[in-house]
There are 2 protein chains.
Amino acid sequence: MKYESVTIKDIALKLNLSTSTVSRALRGSYEISDKTKKLVEDYAKKINYHPNPIALSLKERRSHTIGIVVPEIANNFFSQAINGIESIAYGSGYHVSISQSHESFDRELIIVQHMASRSIDGLLISVSSETKDSSYLKSLHDRGMPIVFFDRIIDEIDTFKVVCDNFKGAYDATTHLIKQGFKNIGHITSSAHLFITRKRLEGYKKALADHKLLYKESLVKHCDHGGMDVEEVKKAVNELFNAKDKPDAILSAGDRITTVMISVIKNYKSINKDIAYLGFSNSELTDMFSPSLTAVCQPAFEMGKVATELLIKLIESKRPIKEFETKIMESKIVIKESSIKKR
Amino acid sequence: MKYESVTIKDIALKLNLSTSTVSRALRGSYEISDKTKKLVEDYAKKINYHPNPIALSLKERRSHTIGIVVPEIANNFFSQAINGIESIAYGSGYHVSISQSHESFDRELIIVQHMASRSIDGLLISVSSETKDSSYLKSLHDRGMPIVFFDRIIDEIDTFKVVCDNFKGAYDATTHLIKQGFKNIGHITSSAHLFITRKRLEGYKKALADHKLLYKESLVKHCDHGGMDVEEVKKAVNELFNAKDKPDAILSAGDRITTVMISVIKNYKSINKDIAYLGFSNSELTDMFSPSLTAVCQPAFEMGKVATELLIKLIESKRPIKEFETKIMESKIVIKESSIKKR
DNA sequence: GTACAATTTGGTATCGTTTGCGTAAATAAA
DNA sequence: TTTATTTACGCAAACGATACCAAATTGTAC
C-alpha cells in the first residue's frame, strides 16, 4: 500500500500553469500577479496541498529536524530534558527525532549515523555509558554537524555543552551525609570514563577530605551499564556489604542506579535496614518510597531548553562559531527521610 | 554551517564512470563487471559512502521509518511499549520516529500530519485523552497510510488494533477489592470517550453487579487530561472524599492517574490512611512505595512488539489487506499491600 | 507607431538516487 | 568475414520542490 499525496505538479496541471509559477505563488513571491496567487492558493487549499518535506530536505539540504539521542527515555531525567528540548524546538519551527542508545555504544553509533544521513540539522546528545571512543562524533562535528552535548558530555569535543554542577551536587550530598553523622560513605556510580562520573567522584572525595574523612577506593563501585543491568548493581551492593569495612550510607549517581540500588537493598535480608542512602534522581515518585528518598535533582527541563537554544544558535548562525561555552546549571538536593540518621 | 556528505557522483567522477554504473555496482547488479564492481565498492568504502536516505525516500516514496505517537514517554507503559516496538522494528530494518502528544489533540494532529508528509511508512498510535474526533486519522487511513492502534485505540477505524483486556483487568481488580471486604469502591479514570476507559468502566460495573453491589455514578470520576493535570486528579479525589458517601477503596486507571492520586491521598490530612487503592500501572517502582502498590500491569513490551509486527505486515503486503483483527492481550494483577484490608 | 521598461510567466537545472533504454565493444555462431 | 548475441556501460528521466535566467505580455513614454 502506498500513501499518495498531492504535489505542485497536480496544481500546475489543473490550472494550466508551470510548476515554477505555482511554487512562487504559494510562497507569495512578489513577481506573481495577485490574481494567479489567489487562484493557486485557493486550489491548493481545496485539495489540501502540503509541500513534501522530503523533497525540500533534498533541495535545501536541511530538514528542520533536531536529532535527540539519549541512553533511555524511561528515565525521568531524560524524559524531562526531552520535554524541555521540545518546548524550545517546536517554538522555533523545528521537529525532533528521538532515539535511545540503551546505553549501548554500537546502537548509539548506528543511530547517530542514520540521523546524520537523514539530514538532521543538528544533534543533541547525552552519550551512553559505554561510549569511550568519541571519534565518530568528532569527525561528524568536524564535517560541520552542529552538536550540543548535555548531561553526559564529551569533554574533548569543542562545542557547546550543558551540564549541571555535578561536582557540587555530589559534594553537597556527601557533606549532608557527613553532617548526619555517617562516617563510612559508599558511592555507587556509572562508568569511570564518563565526565559526569569523574566530576561526581571528585565532589564526593572533596567532601570527605574537607571533613577529614579518609577516601577508600573499596567504597566506590562502578556500574558500566549505568544501571541498565540489574546484576551489576546487585554485584556492587553485594561487594559493598560483604566487605569487612561496610558502609553506613551510600551515595548513588544516576536515576536508574538509584532505584535499582534501593530495590536491591530492600530485598537483601543481610543488609542493616538502617542504612542511609541518597541518590541522584529526577523521579517524581521518590516521595512515595519508604523511606522517602533524599535526592540530588537536576534541572532537566531547563537543561533541555538551554541545550536546544544553543543548538539552534549553532544551526542558524551565518558564520562558523568558534567560541563555545559550557553552561553549568545548579542541581538541588531535596532532603527527605532516606538520608536521615536514626538515633 | 552545513554538513556535507559524499555522494554517488563523487565516486563516479573520481572513477570516470557514470552515476548509473556506480549505483548499479553498489547494488550488485549483474550487468556490471566484477572488476568495476570491486573498484567502486573499494572506493566507496574508502571514502565512507552512504546512500542518502532523503534522496531514496523521494525516489522510492518510502522512508523505512515507522512513526510512533504516544501521549507521553515519561510513562512506563509507553516507554516499555516503545522498547517492544523498537525491538521488532530494528530487527526488520525499520527506524522509528517517536513523538509525544502530551495528551493534546492539537499537538497530536500536527505531529501526525508532519509524519505523514515526511513519508513514514506506517503509523503506530495511542491517541491522546483529548482525541474525540478521529476523522483526520480516518482520512489518512483511507488514503492508504498503514496504521495500527495500540492501547488507546479508535474503535471506528477499521485496521489492526492491539489492546489488553481492559474489561477483565478492571473486573479482576474490582473483584479483588470486593473480596477484601470493601463495599464502596471508587473509580478514578481517564476521559469518558476513550475506548479503554469505557471497557474498564464496564469491567468495574460488572464486578460490582456480579457481587451484588450497587453501582453509584458519584463514585466514578473522570480526568480529561489523563492525569497530566495534577489539579484534575486533586479535584477528583476531593470530590470523592468530601461527599457524604465516601469510598473505602479506589480503583484508578492509568499510570499517571495512579501515581498522582497516591501522592494526593498521601498529602490529604483528612483522608483516612486506611483507604485501599489499586491502580493500572507499569512502573517498576511501585514496590518501593509505602504501602507497596497493588497494580494491574499491562504487557506493554509485548503489545509494542505485536503492534509492530502487524504494522510491518500491513506495510509490506502486496495487496491491500481487508481482514483486520484486534489482538487482546492479558493484563495481570500483582497484589501487594495497598489493596489489602487492614483488620 | 516605435522603443523600452515593467510585470508576469515558463523553461530548465538542481538536490542524490534508481532504472529503462540505447549502444559500443567484445564474443560467439554461421 | 559477416551476422547474431552478450556484456558492460552511459544517457536521461523521474521523485517534488526551488531558483536562476529567459521570454512573453502588457503598459508607458515619446
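Any value given below was found using the heavy atoms of this structure, including those in side chains, with hydrogens, waters and symmetry copies removed. The model shown is predicted, which means the values in this text are computed figures rather than measured ones. Order of the sequence lines fixes the chain letters, A, B, ..., with proteins taken first and strands second; residue numbering starts at 1 for each chain.
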Pairwise 5' ranking along DNA chain C for B:Thr21 and B:Ala55, keeping only the more 5' one
B:Ala55
Can you label the angle between the A:Tyr90 ring and the A:His95 ring as parallel, tilted or perpendicular, going by 30° and 60°?
perpendicular
What residues 26-42 of chain B contributes to the DNA chain C interface at heavy-atom separation below 4.0 Å is B:Arg27
Partners meeting side chain to side chain contact (heavy atoms under 4.5 Å, CB included) with A:His193 (sequence neighbours left out)
A:Lys132, A:Ser191
Does C:dT14 have its OP1 or OP2 closer than 4.0 Å to a side-chain nitrogen or oxygen of B:Lys9?
no
By the 4.0 Å heavy-atom rule, please label A:Thr7 as base, sugar-phosphate, or nothing.
sugar-phosphate
Give every donor-acceptor pair under 3.5 Å between a side-chain atom in residues 48-56 of chain A and any protein atom, sequence neighbours left out.
from    : atom 1 : to      : atom 2 : distance (Å)
A:Asn48 : OD1    : A:His50 : NE2    : 3.4
A:Asn52 : OD1    : A:Ile54 : N      : 2.7
A:Asn52 : OD1    : A:Ala55 : N      : 3.2

With nearest nucleotide decided by heavy atoms, which residue, B:Leu58 or B:Ser20, maps closer to the 5′ end of DNA chain C?
B:Leu58
Is the distance from OP1 or OP2 of D:dG16 to the nearest side-chain N or O of B:Lys59 less than 4.0 Å?
no
Quick one: the side chain of A:Arg24 and the base of C:dG10, do they pair up donor-acceptor inside 3.5 Å?
yes
N or O in side chain of A:Ser23 less than 4.0 angstrom from D:dT18 OP1/OP2:
yes
Using a 4.0 Å heavy-atom cut-off, does A:Leu17 contact any base of the nucleic acid, only the sugar-phosphate backbone, or nothing at all?
sugar-phosphate
